[in-house]
Structure formats: C-alpha cells, structure tokens
J.: 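One structure coming up, written as structure tokens, with questions to follow.
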Number of protein chains: 2
Amino acid sequence: MVKPVSKDDHKTEEKILEAAKDEFMKFGLYGARMQSIADTAGINKALLHYYYRSKENLFDKVFEGALKRYFDQMDVLEDEALSFKKRIFLYIDHLIDFLEEYPHVSLFIIKEVSVSPEMFKEKMYSTRKSRGKKLYILLEEEKVKKTIANIDTQMFIINMQSMCYYPFIASPLYKTIFNLSAKDWKDISNVKLKKAVKNFVERTLNI
Amino acid sequence: MVKPVSKDDHKTEEKILEAAKDEFMKFGLYGARMQSIADTAGINKALLHYYYRSKENLFDKVFEGALKRYFDQMDVLEDEALSFKKRIFLYIDHLIDFLEEYPHVSLFIIKEVSVSPEMFKEKMYSTRKSRGKKLYILLEEEKVKKTIANIDTQMFIINMQSMCYYPFIASPLYKTIFNLSAKDWKDISNVKLKKAVKNFVERTLNI
DNA sequence: ATTCAATTTAACCATTTGGTTAACTACAAA
DNA sequence: TTTGTAGTTAACCAAATGGTTAAATTGAAT
C-alpha cells in the first residue's frame, strides 16, 4: 500500500512564493507572468490571487524576503569577538558565497529601489529594527573610524561592494567576452574574487 | 512671413530611435511600451511599424547603437602615442564621464547579453571589425603583459570595471542608503570615484 | 452523516498591447 | 492637372494578461 499523499509536504502558499521568487528575480515585476508562476508552482492561476491579493502584493512579499537575505550576510560584521580584519574578511566570504547562490538578488533589489525609493527606505529600516541590526556598522563604530581615519569611508564601501556585486551582475558579459566555461567562471568569481577583494581591503585600510 | 516648417528638421525615423532609446534603456525589452515610444516621439503608433518592422527589430537597432557607444570610450586605449599609464587613466576618465551621461547603458547591455549571448557575440565582433578596434587590448599588448606580469589580468579588468560600472547601476541604492542629494552623489560618482579607481590601478599595477 | 469553512478549479471578463489595414495627405515628377 | 510614392493616421484585430466568480472538492468538527 502506498501511503496516500496526504496533502503536500510544502503548503501551496510556500510553493507559490518559491515559484514567484524565481520568476520575479529573473524577469522583474514587468516581465514576470502570473501564469508562469502558477505553472511552476503546479497550481491554478486563481490560487495566486487567493493567497496573495495581487501581482504587486506577491511581488512585495518576494521583495521582503530578498531584502531579509540581503541583510542576513551582514551579521558577521557585528560579532564583537572577532577582530576588525577577521570580521570584514568573513563578510567578504559570506557575501560572495551568498551571491553565488542568489546571483539575481542585488539587481532585483536595485531595480526595486529605483522604482520606489521611499518604500525601500521603509522596508530597510523595518528590517533592521526587527532584527536589531545596524546596517552600516562600518561607518558607526568608533574603533573602526580610528582604523580607517584617512580614507573616504563611503567611497571605500562603494568600491568594496562594487568589486563583490558587479561580477555577478555582469557574469553573462564576462563569460561571453572571456569565453569561459561554467567551471572557469566559478573559480574566478569565487576563489580569485575573494582573494582580490581581500587584497584591496588590506591595502586600502593598511591592515 | 513665417518660413513653412518644410518637414521636420529631424526625420521621424531619428525621433523614433531617440524615444525608443530612452524607453528601452529605462524599462528593458519587456517593460518598454510601443505606445509610450510613439507618444514620446510625437507620432502615431503605426509609424513605429512603418519604419521599424517590429518591437524586437526596433530594440535591436537601439541595442546596436548602445553597443557602439559602449565600445567608443575604449578608443583611447589604442593611442600608441600615450604611455600605458596615461592611456588607462584616460580610459577611466572617459568611462566614468560616459556612464554619467548614460547610466543605464551597462545594465541594458548585460540584460541583453544574458538573454541571447550568441547574438551579442556576433554584434560584438562585427562592431570591433567594422571599426578596426581591439576590445581587450590590455590582454593582448606585449609591453602591457610585461608590465602587469605578476597579476591576474582578467581579475584586474573585472575589478577595475566593477569599480567603475557598479556605482552607476546601484546609484538608487546608495543615494537612499547614504541619504545623498543629487549634487553629493555627482561628486562621489565622478570626482571621488575617478580618484579611487586610479588609485586602485596605480597600486595594483605598481605604476 | 452533516455541516461548514478552507482550498481549488474552470470558465469568464476587461484591459492592455503588439501589430495590421485601408484610407488620407503632401509633394515631386510627368 | 494627373499620377505615383513616401509619410501619416484612425480604426481595428487577435493574443496575452491580470483579475473575478461561482461552483466543486476536501477535510475536520459536530
């Protein structure tokens, strides 16, 4: 006797969110198709509207989740037990591993921010508050301020993040231009990139 | 007597292309609306199909133009009269000025490449050929190879380009996070960024 | 077994959107 | 003046798409 498939293990609501995540990440709010989400989730289109009122609302839910994960990898920056150098090096490792897993997330968030910066601001603050985290701790900590006193902190953050994020955004371009296999690219975008960013940070901060 | 407006100064075809450029850059192939393009160009929607067969075709034309401009700023890399350092510094200046003017172009190209890498490859090579340019001259020149012998050339290019391109892609994010006025951001993304990238190049290449 | 609410579906609907058609206009050549 | 061609338009059309509805199904509580 086969055990009857007593409902799904994962509730429909979850499946929808998962399918929506893929679709929205790849195609954005405009490009995403409700039918495609329903198909991926293996359910009827009307169910989308049953669980999530509208396309915009579903998108919001996906966006919130992405934003949460986006900030999650910053936790290590607050681990007081580690030295500044270790913290920032771990942050780089986590960030690049994270981007390998979710290469679309940064662009997804950027696009959303450019559409409605106010909404993003709200969501950003509420996410920070609810998890008790400081976002740009690098800018705020006294001992760090001392360490990097003679460099432009904002520019430093922008440079470091650029080096981490951009390769994943532009990976189709680089794969094409450099004629790279998936394996080659993985080596570049993980091993080599981590080394390069750490090197940059080391030299810039003199640590 | 008012001189009769003997046809438009700019032909309709041009106006369409200009309007299409704006629309496609901002919203991509999916998000762009033919009606919106027609409105911006101040003409009837049917004219779009009269001059450019279909949406895809119009998009292609815009894309080709963007690709051309995208490669244009690399000309300076081939000026044999300049030292390597001057060439690469000028390239940085040109690139960042260019990005200030067309902040959407890099993302636009990346998105298009990810949809159809083969098409991009073709267009890339034909653009290079028709203008007799080498794209990644940095990788090919003997004396440069010598200069940067002990660093990973691909990684270097990726790092440098990341530092240049990403801030413009992520500008909505940074403006929001750092609470910057348009003026503040311009200073960061032009003056300070140029300095930072040059600094990075100088230290990395030991020049 | 009945009830009742939560879940799911097929069939629609209204709007948007890319694209077409047939007619009209301007203007240069014959 | 007539004719022919390029340019332009309003009015449509078919498909796609987000969204709605009313009916069916399920499953737990009574």
Side-chain angles (χ1 to χ4, degrees), chain A residues 1-64 108 111-112 115-116 119, chain B residues 1-64 108 111-112 115-116 119:
Chain A
M1 271 306 133
V2 180
K3 196 178 78 178
V5 202
S6 64
K7 285 279 170 190
D8 299 50
D9 283 345
H10 301 298
K11 285 167 300 184
T12 332
E13 208 171 334
E14 287 298 320
K15 282 195 300 181
I16 292 176
L17 205 64
E18 201 59 27
K21 192 196 76 187
D22 288 350
E23 180 81 2
F24 282 128
M25 292 273 206
K26 273 194 210 139
F27 303 110
L29 176 56
Y30 291 125
R33 295 287 164 247
M34 296 295 269
Q35 187 60 59
S36 171
I37 294 173
D39 291 347
T40 306
I43 48 105
N44 187 287
K45 186 160 63 82
L47 263 188
L48 298 181
H49 294 92
Y50 176 76
Y51 283 110
Y52 306 87
R53 221 177 55 257
S54 66
K55 190 188 189 185
E56 272 68 26
N57 195 51
L58 178 54
F59 181 82
D60 275 0
K61 292 292 185 300
V62 170
F63 182 64
E64 267 168 49
F108 174 72
K111 271 189 276 185
E112 182 56 21
V115 172
S116 49
M119 198 267 271
Chain B
M1 273 305 135
V2 180
K3 195 179 78 179
V5 202
S6 63
K7 287 279 168 189
D8 298 48
D9 283 344
H10 302 298
K11 286 167 299 184
T12 331
E13 208 171 335
E14 286 300 319
K15 282 196 300 181
I16 292 176
L17 205 64
E18 202 58 27
K21 192 196 75 187
D22 289 350
E23 181 80 3
F24 281 129
M25 292 272 207
K26 272 192 210 139
F27 303 111
L29 176 55
Y30 291 125
R33 296 288 164 246
M34 295 295 269
Q35 187 59 60
S36 170
I37 293 173
D39 291 347
T40 306
I43 49 104
N44 187 287
K45 186 159 62 84
L47 263 188
L48 298 182
H49 295 91
Y50 177 75
Y51 284 109
Y52 305 87
R53 219 178 55 255
S54 65
K55 190 188 190 186
E56 273 68 26
N57 195 52
L58 178 54
F59 181 81
D60 274 1
K61 291 294 186 300
V62 171
F63 181 63
E64 266 169 49
F108 173 71
K111 271 189 277 184
E112 181 56 20
V115 172
S116 49
M119 197 268 272

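Numbered from 1 within each chain, the chains take letters A, B, ... in sequence-line order.
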J.: Using a cut-off of 4.0 Å on non-hydrogen atoms, how would the nucleic acid contact of Ala32(A) be classed: base, sugar-phosphate, or nothing?
T.: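 Touches sugar-phosphate only.
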J.: Please list residues of residues 44-51 of chain A whose heavy atoms come under 4.0 Å from any atom in DNA chain C, ordered by number; otherwise none.
T.: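 Nucleic-acid contacts, sorted: Asn44(A), Ala46(A), Leu47(A), Tyr50(A), Tyr51(A).
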J.: Output all residues satisfying side-chain hydrogen bond (donor to acceptor under 3.5 Å, both in side chains) with Asp39(A), sequence neighbours left out; order by chain, then residue number.
T.: Gln35(A)
J.: Taking the side chain from Glu23(A) and the backbone from Arg33(A), do they hold a donor-acceptor pair closer than 3.5 Å?
T.: yes
J.: For Lys55(A) and dA16(D), give me the distance from atom NZ to atom P, rounded to whole Å.
T.: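 Rounded to the whole Å, the gap is 16 Å.
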J.: Assess whether side chain to side chain contact (heavy atoms under 4.5 Å, CB included) is satisfied between Val62(B) and Phe108(B), documenting all intermediate values.
T.: CA-CA 10 Å; Val62(B) 171; Phe108(B) 173 71; 4.1 Å; yes
J.: With rounding to the nearest 0.5 Å, note down the distance linking NZ in Lys15(A) to OG1 in Thr40(A).
T.: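 Reported to 0.5 Å precision, the distance equals 11.5 Å.
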J.: To the nearest angstrom, how far is Leu58(A) atom CG from dT17(D) atom C1'?
T.: 15 Å
J.: Starting at CD of Glu13(B) and ending at P of dA6(D), how long is that distance when rounded to a whole Å?
T.: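 After rounding, the reported distance stands at 13 Å.
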J.: Counting just side-chain N and O atoms, does Arg33(A) come under 4.0 Å of either OP1 or OP2 of dA16(D)?
T.: no
J.: Take atom CD1 of Ile43(A) and atom P of dT26(D), then tell me their distance rounded to the nearest Å.
T.: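 Going from Ile43(A) (CD1) to dT26(D) (P), I get 17 Å.
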J.: Rounded off to whole Å, could you give me the CD-to-P distance for the Gln35(B) and dA16(D) pair?
T.: 20 Å
J.: Looking at Lys55(B) and Leu29(B), would you say the former's side chain and the latter's main chain have a donor-acceptor pair under 3.5 Å?
T.: yes
J.: Do the side chains of Lys21(B) and Glu18(B) get close enough for a salt bridge, i.e. N-O under 4.0 angstrom?
T.: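 Glu18(B) and Lys21(B): salt-bridged.
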J.: In this structure, how many angstroms lie between the P atom of dA10(D) and the CG atom of Asp39(B), rounded?
T.: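 Interatomic distance, CG of Asp39(B) to P of dA10(D): 12 Å.
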J.: Measure CD1/Ile16(A) against C1'/dT8(C) and give the value in whole Å, please.
T.: 11 Å
J.: Quick one: Tyr30(B) OH to dG18(C) P, roughly how many Å, whole number?
T.: 13 Å
J.: For dT8(C) and Thr12(A) - does any side-chain N or O of the residue sit under 4.0 Å from the phosphate oxygens OP1/OP2?
T.: yes
J.: Taking the six-membered ring for Trp, are the ring centroids of Phe59(A) and Tyr30(A) within less than 6.0 Å of each other?
T.: no
